[in-house]
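Everything on this sheet refers to the single structure shown next.
Scope of the values below: all heavy atoms of this structure, side chains included, with no hydrogens, waters or symmetry mates. In what follows, chains carry the letters A, B, and so on, assigned in the order in which the sequence lines appear, proteins first and then strands, with residues in each chain numbered from 1.
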Amino acid sequence: MLDLQYICDNPELVEENCKNRGVKCNIPRILELRTQRSSLITAGDEIRRQQKETAAKIPKATAEERPTFIEQGKQLKVEVAENEAALKEVETELHAEQSILPNMTHPEAPLGGEEDGSVLRKWGEPTQFDFTPKDHVELMADLDLVDFEAGAKVAGSGFYFLKNEAVLLEMALVQFAIEKVRGEGFTLYTTPDLARQDVLQGTGYQPRGPETQIYSIENTDLSLIATAEIPLGGMLRDQILDEAELPLKAAGISHCFRTEAGGHGKASKGIYRVHQFTKVEMFCFTAADFAKSDEVHQLIVRIEEEIFQALEIPYQVIDTAAGDLGGPAYRKFDLEAWMPGRGDGGTYGEVTSASNCTDFQARRLGIRSKSPERKGTQFVHTLNGTAIAVTRAMIALIENHQQADGSIRIPEALQKWLGTDCICAKK
RNA sequence: GGAGAGGUGGCAGAGUGGCCGAAUGCACUGGUCUUGAAAACCAGCGUGGGGAAACUCACCGGGGGUUCGAAUCCCCCCCUCUCCGCCA
């Protein structure tokens with residue numbers, strides 16, 4: 001949510017930003033509603049003031065005066081109710097208009113849509129093979145690492161059982177990621193895999209409706225989380241933090257559940273696009289200062305890169321274009337890992353995503369900070385980024401480290417968790 | 001799941017229809033005193049909305065209701081604690 005004051009002070013900037021992000025908005029209407037809102041509030045305050053005044057006279061009034069005051073009070077009560085109804089109507093519309101607006105955009109983020117993200121840097125070269133590489137589906141089938149039929153039988157298409165060394169590999173990736181982020185000063189959490197509707201909405205997810213990516217639990221207001229960003233953001237809802245203790249760095253280990261409604265048009269073989277996966281997510285709260293949140297944003301990307309470097313997986317870093325940013329993001333960097341089995345002869349596929357949401361989420365979540373030097377409070381900046389999304393990382397790892405004999409080389413960083421340097425073919 | 005007790009400012013805790021945005025204590029900030037500190041004393045000390053400002057309004061877990069008037073009464077929901085049951 002953008003600050004109403006900011007919108008009204010900078011209508012042309014907000015409108016321009018909406019255009020860049022491909023969002024239809026109605027700024028003049030917002031300005032109009034805002035004026036209506038102000039005058040309704042002023043009028044309502046005055047009525048309530050009179051109401052209090054009248055009510056206060058009654059205990060002291062004589063028996064003759066009393067009925068007059070009570071009559072006045074009744075009249076005022078009606079007026080208050082009318083005012084409230086009018087205000088509610090205006091605020092509902094205002095809120096709806098305001099909710100459409102995406103966050104503002106980092107001045108350096110590229111313009112354009114999905115194809116216009118700029119490659120900031122590349123690490124490593126697409127892996128060369130002196131044999132015809134397989135994709136992860138084939139590799140995992142050959143090594144008996146996954147069972148899609150069983151997944152479909154139990155939970156439907158898009159679910160899977162990991163088997164054998166793939167299970168160890170999942171654990172190893174998680175272990176490796178949490179050791180890494182812990183070393184960077186992140187507090188570790190395992191989070192609830194379910195969250196209430198208002199927490200989902202606070203973090204910018206729409207739990208119900210035709211377009212939703214979220215599974216809901218029937219007869220409750222709970223939904224399965226799509227990422228630990230949701231519980232980690234919700235964790236500090238409506239709190240006022242001490243600015244001295246910022247930035248707060250949290251890492252959550254959770255399962256992620258996504259309906260992937262309409263997601264099957266795109267090429268998504270195997271475990272690339274699934275309904276459930278395990279992820280270690282970083283989530284940070286910083287002071288309301290763009291320089292500070294930018295700095296933490298860079299930190300998150302650095303950690304992501306170091307993780308993929310340690311896994312010896314070539315990747316590129318994308319600065320996502322304005323038109324391709326989700327609503328809450330001010331700037332977003334994605335790591336795309338080289339996946340030799342994807343597309344025709346390999347392509348880069350998204351493995352992490354790091355967003356600076358500035359105060360956009362915090363405003364809805366009511367997370368503020370306070371400093372002795374300043375009067376009042378400010379909404380903090382929030383950032384999130386993937387440390388490891390197990391299935392995507394697993395694809396990149398398996399496909400890049402496959403050997404001619406169909407076995408998979410385990411990079412050194414994972415060997416202590418897996419206890420082996422190779423997932424080898426069964427005899 | 002059953003029975004009971006609760007949810008009030010940063011914390012503790014009073015308040016059961018008007019004098020309550022809320023006593024008191026602790027914490028915190030400033031001041032007096034002191035060589036300095038402590039103690040003592042004095043003063044200040046929640047958040048948000050509207051307004052250029054004066055000022056004003058809202059907020060006592062959340063939402064509805066009763067009333068001229070609600071922290072206080074009624075209804076629904078959420079949460080916490082205690083006991084019992086069940087259970088990895």
- Message: Could you check, using the six-membered ring where one of them is a Trp, whether H381(A) and F290(A) have ring centers closer than 6.0 angstrom?
- Response: yes
- Query: G61(B) and G44(B): how far apart are their C1' atoms, nearest whole angstrom?
  - Reply: 29 Å
- Query: Does R237(A) make a side-chain N or O approach to OP1 or OP2 of C79(B) shorter than 4.0 Å?
  - Reply: no
- Message: Does C57(B) have OP1 or OP2 under 4.0 Å away from a side-chain N or O of T42(A)?
- Response: no
- Item | Integer-rounded Å distance: C77(B) P and D221(A) CG | 13 Å
- Message: Say we look at U24(B) and G9(B): how far apart would their C1' atoms be, to the nearest angstrom?
- Response: 13 Å
- Identify the two heavy atoms, one from V90(A) and one from L40(A), that lie closest to each other, and give their separation to 0.1 Å. CG2-CD1, 3.8 Å
- Item | Proximal nucleotide (of C79(B), G51(B), U67(B)) relative to the S38(A) side chain | G51(B)
- Task: Please state the P separation for the pair U29(B) and A22(B) - nearest whole angstrom.
- Result: 24 Å
- Task: Check whether any side-chain nitrogen or oxygen of R49(A) sits under 4.0 Å from OP1 or OP2 of C55(B), and answer yes or no.
- Result: no
- Query: Is a donor-acceptor contact shorter than 3.5 angstrom present between the side chain of D45(A) and the base of G51(B)?
  - Reply: no
- Task: Kindly say if K52(A) contacts the phosphate of A58(B), meaning a side-chain N or O under 4.0 Å from OP1 or OP2.
- Result: yes
- Message: How many whole angstroms separate atom CZ of R48(A) from atom C1' of G49(B)?
- Response: 10 Å
- Query: Touch check for T377(A), heavy atoms < 4.0 angstrom, all strands: base, sugar-phosphate only, or nothing?
  - Reply: sugar-phosphate
- With heavy atoms under 4.0 Å as the rule, sort K60(A) into base, sugar-phosphate or nothing. nothing
- Could you check how far CD1 of I58(A) sits from P of C19(B), rounded to whole Å? 13 Å
- Short side-chain N/O contact to G69(B) OP1/OP2 from Q51(A), under 4.0 Å: yes
- Does NZ or CZ of R392(A) lie under 6.0 Å from the centre of the six-membered ring of Y272(A), at an angle within 45° of the ring axis? yes
